[in-house]
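Before any comments, here is the structure.
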2 protein chains.
Amino acid sequence: MSTPHKVSTEQARALNAYVRLMRAVEFVTRRISPHLATHGLTWSQFEVLEALNQFGSLCQNTVAEKILKSPANITTVIDNLEKQKLVRRERSAEDRRFVTVHLTEEGRRLIHEACPRHIAAIVEEMKILSKSEQEELSRLCRKLELKEGK
Amino acid sequence: MSTPHKVSTEQARALNAYVRLMRAVEFVTRRISPHLATHGLTWSQFEVLEALNQFGSLCQNTVAEKILKSPANITTVIDNLEKQKLVRRERSAEDRRFVTVHLTEEGRRLIHEACPRHIAAIVEEMKILSKSEQEELSRLCRKLELKEGK
DNA sequence: GAGTTATAATTCGACATCGAAAGATTAGAT
DNA sequence: ATCTAATCTTTCGATGTCGAATTATAACTC
C-alpha cells in the first residue's frame, strides 16, 4: 500500500504498520496451513472442531461467534464436516429453532490428534519473537482489535 | 486457541500472541471493508486495481505476486474487473504466453477516487497506536513475515 | 388466541480461493 | 529441426465467504 498518492509522514507510518501487519498474517498463515491439510481439514473446519472441543457442544450461532464467521457460512462448513462424520447435528428439543452441534467420536479423535501439532506449528512460528516481543505484540494487537474510540 | 490441551507458559504466551494477531487483523479488516463496498469493489478487486495504479500495467503472474494470491485466482478476479470495464487484457506480442493487464480510464478514475478514502480508513484504524507503537508493530510483523530461520 | 416481533438456521447468488490438470507458447538441448 | 523442459494462463471442482431473502419456531402484546 505504499501508494503513489501523496501522504504525510504520519500517514506513511500508519500505512506501513498496516501493510506489515497484513503481510505477517498472510505469511504465517501460509506456513501453518499445510499442517491442517495433512488431516484433510480446511482452516474453517479446524476452527469449528477446535471450538467444539474446547467449549463442548454448541449451537450454530455460537460457533459463528467463536470463529468470527457469518451464520450462513457456518451452515456450509458444518455441512461438510457432517459429510465426513466428524460432527453431528441435533435439533434442540426445548427450542426447536436451535441446532446443537456435537463432535462425533471420530471428530474428537481427529481434533485430539491435530490440535497438538497445530499448536506446535504456531509456537514454532512465534518463537522468532522473544518473550517480551510476544507480549508487546499481544498488547498492540489487542488495542487494534478493541479500538473502542471509534 | 486457549485450548484444553496442556501447554507450558511459554507455549501459552506464543499462542496468545498468535490469537491476538489474527483477531486484530480480522477486526481491522472488518471495519475497513465497507469503504470498498461503496465503490462496488471487493477486497481483491481493489488490491488488483491498486497494484496496477502503483506499478503500471502488469502481467497476471506479477499481479498474483503483488497481492499474494494464486494465479488461478487472479484469472477470475480480472475476469470480474473486465466485466466492469475497469481493466483491459492484452496478449503480449513478444511472448504470447503473457497477458498484460491495463487499467482503463474508468478503472483509473475509480481507483483515484477510492484510494484516498481507503488510506484514510486505514490511518484512522492505526492511529489508535502511538508513533512508536506503530513502528514497533511494523518491526515485529516484519520479523514474523521473514522468519528466515525456519 | 390472533397478530406482531424476534431469533435460528437455511437457501440463494455472487465472488473468492486454491490445487491440479490442461492448453498454449517459448526456450534450451542435442 | 525436433524433442524436452519450463512458463503463463485458463479451466475445473471443491470449499469458503457474505448479504439478503426465506422458513421455522418462539415470545410478546393486546
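Lettering follows sequence order; numbering is per chain, from 1.
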Query raised in the report: Any side-chain heavy-atom pair from L49(A) and N53(A) closer than 4.5 angstrom?
Result: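 When only atoms from C-beta onward are counted, N53(A) and L49(A) do not touch, as no gap falls below 4.5 Å.
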Query raised in the report: Do L52(A) and H102(A) have side-chain heavy atoms sitting under 4.5 Å apart?
Result: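 SC-SC contact between L52(A) and H102(A) ruled out.
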Rounded to whole angstroms, how far apart are [atom1] on [X] and [atom2] on [N]?
| X | N | atom1 | atom2 | result |
| --- | --- | --- | --- | --- |
| L86(A) | dT15(D) | CG | C1' | 15 Å |
| W43(B) | dT17(C) | CH2 | P | 11 Å |
| K69(A) | dC18(D) | NZ | P | 6 Å |
| L36(A) | dT15(D) | CG | C1' | 14 Å |
| N73(A) | dT11(C) | CG | C1' | 14 Å |
| Q60(A) | dT11(C) | CD | P | 10 Å |

Query raised in the report: Which comes earlier along DNA chain D counting from the 5' end, the contact point of I67(A) or that of T100(B), where each point is its nearest nucleotide?
Result: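 In this pair, the answer is T100(B).
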As an exercise, state the distance from [atom1] of [X] to [atom2] of [Y], rounded to the nearest 0.5 Å.
| X | Y | atom1 | atom2 | answer |
| --- | --- | --- | --- | --- |
| R23(A) | S138(B) | CZ | OG | 12.5 Å |
| L129(B) | L144(A) | CG | CG | 4.5 Å |
| T104(A) | R88(A) | OG1 | CZ | 8.5 Å |

Query raised in the report: Considering only heavy atoms, which members of residues 74-85 of chain A lie under 4.0 Å from some atom of DNA chain C?
Result: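 Heavy-atom cutoff 4.0 Å gives T75(A).
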Nearest to the [X] side chain among [options], which nucleotide is it?
| X | options | result |
| --- | --- | --- |
| F98(B) | dT11(C), dA9(C), dC8(D) | dC8(D) |
| Q45(B) | dT10(C), dT25(D), dC15(C) | dC15(C) |
| A72(B) | dT11(C), dT25(D), dG19(C) | dG19(C) |

Requested in this report: Ignoring hydrogens and angles, answer whether the base of dT7(D) and the side-chain atoms of R97(B) contain a donor-acceptor pair closer than 3.5 Å.
Outcome: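 Looking at the base of dT7(D), it does pair with a donor or acceptor on the side chain of R97(B) (distance under 3.5 Å).
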Is any side-chain nitrogen or oxygen of [X] closer than 4.0 Å to OP1 or OP2 of [N]?
| X | N | result |
| --- | --- | --- |
| S44(A) | dT15(D) | no |
| R30(B) | dG19(D) | no |
| S70(B) | dT17(C) | no |
| N61(A) | dA8(C) | yes |

Report task. Tell me what E94(B) touches on the nucleic acid: a base, only sugar-phosphate, or nothing, going by heavy atoms under 4.0 Å. Result ->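 Sugar-phosphate, no base atom in range.
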Query raised in the report: Considering residues, nucleotides and ligands other than R96(B), do more than 12 of their heavy atoms fall under 6.0 Å from its CZ?
Result: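 Counting other residues, nucleotides and ligands, CZ of R96(B) stays at 12 neighbours or fewer.
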Query raised in the report: When you look at E106(A) and R109(A), which way does the salt bridge (Lys or Arg N to Asp or Glu O under 4.0 Å) test go after all the steps?
Result: CA-CA 5 Å; E106(A) 179 86 17; R109(A) 209 174 45 67; 3.3 Å; yes
Query raised in the report: For DNA chain C, whose closest nucleotide is more 5', that of D95(B) or that of V99(A)?
Result: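 On the 5' side of the pair lies V99(A).
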Report task. Using the closest heavy atom to pick a nucleotide of DNA chain C for each, name whichever of E26(A) or R91(A) lands nearer the 5' end. Result ->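 Its nearest nucleotide lies further toward 5', so the answer is R91(A).
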Report task. Any chance you could lay out the salt bridge (Lys or Arg N to Asp or Glu O under 4.0 Å) test for E135(A) and R139(A), step after step, and finish with the verdict? Result -> CA-CA 6 Å; E135(A) 280 161 4; R139(A) 190 181 72 79; over 6 Å; no
